[in-house]
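The chains referred to below are lettered A, B, ... by the order of the sequence lines, with proteins before strands, and numbering in each begins at 1.
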Amino acid sequence: MIPASFEYVRPSTVEEAAQILRNAAGDDVKLLAGGQSLLPLLRLRLAYPAALIDLGRIDELRGVRDEADHVFIAAMTTHDEVVKSAVVQEQCPLVALATAQVADPAVRHRGTFGGSMAHADPAGDLPAVALALDMEFTILSAEGTRTLPASEFFVDYLETALGPGEILLGAKVPKLGAGWGFHYEKFHRTAQAWAIVGVAAAVKRENGTISEGRVALTNMGSTPVRAFSVERRLPGVPVADGNGELREAASTAANDTEPPTDLHARPDYRRHLAVVLTERAVRKAAA
Amino acid sequence: MSRITVTVDGTKYEEEVEPRLLLVHFLRDRLGRTGTPIGCDTSNCGACTVLMDGRSVKSCSVLAVQADGSDILTIEGLAEHGTLHPMQRAFHEEHALQCGYCTPGMILASIDLIQDNPDPSEDEIRSGLEGNLCRCTGYSNIVRAVRKGAQEMGATP
Ligand SMILES: Cc1cc2nc3c(=O)[nH]c(=O)nc-3n(C[C@H](O)[C@H](O)[C@H](O)COP(=O)(O)OP(=O)(O)OC[C@H]3O[C@@H](n4cnc5c(N)ncnc54)[C@H](O)[C@@H]3O)c2cc1C
Ligand code: FES
Ligand code: FES
């Protein structure tokens, strides 16, 4: 279908975009990033913004920067650029692993890192990675720049802590030191589809055992969730787990989750998947 | 209305467009380039795939105003002086189509894949084309065609 009419503006700096956004206070104005979630919504007439502010030509919103103890990924960096970034591959490989599983190549050429976070679809692959890695979001608001940990950014289904006049500038991804291994395990019905359940895992290995683990779940609630009960049980589990200790730890993955019901799965099936996929994800991360 | 300048298959166009006009409708309805089909309303099928500044995009999921200043290659711009592009020829020779609806998108997505990976394995072809659906062929001949097209593209750059 053809979207309903809207005004279109294409600022060339973040400051200009922020100004337009603030002046529009009250009107239904939307930021347009890669458009890979927003344009399908407009085409299905599920959204009727009065105006779109296209962030697509703002150079300062693109790129990956290697900064001492973290990597900064700017909001408008495309999924394809993230996957191909040598800095991301070396310093925060979990981001590259999960982003490579987002949608399909054509969508990854347009869709952006920041758009995925701001859209906050609980089935999206990157929000769980943000939680698992304790990313910190950088946000431009009327008062200046503020930062927010991932644990406070995802508020509800398709809802973030971003206020109406705010623009997501990017995220700081802490560099984890030596000994860490990563995996993103995604279960979906067809190749390009969204995750029915996904698991992001980061584990630190010392002397043949797991000393620390981080696990976050995709599509097990209205926001991505950290599987803290699994994380508590991981330290001490041998990397070459022979006695089922890992399975034991993973069995608690669905504790404290409220998985949704949809066309693909009911909550009980999702709970089952979360347990199985957590075991796989941690095993592969530790390997 | 917004004024945009877009190069499509080597020809430069300057047009006034409504912001809501999708790139695929611009190509089909405004420029008459109906070689790029529309297969869905959900950005899933990939039938509308074109190359925008050299990379595959779903032209139903890009606004014409977003394409301002860019270079678009559609299936209609692939053949040169009546000679098929090696990937087009491979699809033809390997019977990689039945109804042909998915074919323009498949060919452009394949060319995009070859740019990153000049000699893809069967698995790499299958995942490289995951955004393009075919309801007829069962994909086997498409995969074979892409391998052949890749080899020929390597031989005739
Ligand atoms: C066929 C298909 C399959 C897909 N499969 C997957 C999948 O498997 N996994 C997955 O994770 N995603 C998937 N996606 C979604 C894809 O990852 C999108 O790229 C992403 O969700 C949105 O990014 P975008 O840049 O396109 O944002 P847009 O669609 O442009 O914007 C999305 C929302 O975020 C807001 N926004 C964007 N940027 C900012 C910013 N900087 N500051 C504040 N607000 C902002 C917009 O206003 C809008 O509300 C799929 C999409 C398609 C079409
Ligand atoms: S028409 Fe189906 S993806 Fe564009
Ligand atoms: S040949 Fe008919 S859809 Fe592919």
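Ion pair B:Asp68/A:Arg57 not flagged as a salt bridge, since none of the NZ, NE, NH1 or NH2 atoms sits closer than 4.0 Å to an Asp/Glu carboxylate oxygen. Between A:Glu81 and B:Arg55 there is no salt bridge, since none of the side-chain N atoms of the basic residue sits less than 4.0 Å from a carboxylate O of the acidic one.
At a 4.5 Å heavy-atom cutoff, the contact between A:Leu32 and chain B is made by side-chain atoms alone. Of the two parts of B:Leu63, the backbone and the side chain both hold a non-hydrogen atom closer than 4.5 Å to a non-hydrogen atom of chain A. With a 4.5 angstrom heavy-atom cutoff, B:Gln66 touches chain A via backbone and side-chain atoms both. The part of A:Leu52 that comes within reach of chain B is its side chain, from C-beta onward, which places non-hydrogen atoms under 4.5 angstrom from that chain.
Not one N or O on the side chain of B:Arg20 forms a donor-acceptor pair closer than 3.5 Å with the backbone of A:Glu7. Side-chain N or O atoms of A:Gln36 include one that pairs as donor or acceptor with a backbone N or O of B:Ser61 at under 3.5 Å. One N or O on the side chain of A:His109 and one on the backbone of B:Ser56 form a donor-acceptor pair closer than 3.5 Å.
Rounded to the nearest 0.5 angstrom, B:Met1 CE and A:Tyr8 OH are separated by 15.0 Å. In this structure, CG in B:Leu22 is found 6.0 Å from CZ in A:Arg43, a value given to the nearest 0.5 Å.
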Stepwise side chain to side chain contact (heavy atoms under 4.5 Å, CB included) test for A:Arg10 and B:Ser2: CA-CA 11 Å; A:Arg10 193 166 66 207; B:Ser2 306; over 6 Å; no
Residue pair B:Met52, A:Arg110: steps toward the side chain to side chain contact (heavy atoms under 4.5 Å, CB included) verdict: CA-CA 10 Å; B:Met52 182 164 155; A:Arg110 300 287 305 163; 3.5 Å; yes
Stepwise side chain to side chain contact (heavy atoms under 4.5 Å, CB included) test for B:Glu130 and A:Thr190: CA-CA 9 Å; B:Glu130 67 190 342; A:Thr190 57; over 6 Å; no
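Interface residues of residues 33-41 of chain B toward chain A, defined by a heavy-atom distance below 4.5 Å and sorted by number: B:Cys40, B:Asp41.
If you tally non-hydrogen atom pairs under 4.5 Å between each of A:Ala193, A:Ala4, A:Gly34 and chain B, the highest count goes to A:Ala4. The most heavy-atom pairs under 4.5 Å with chain A, out of B:Leu133, B:Thr49, B:Leu21, B:Asp112, come from B:Asp112.
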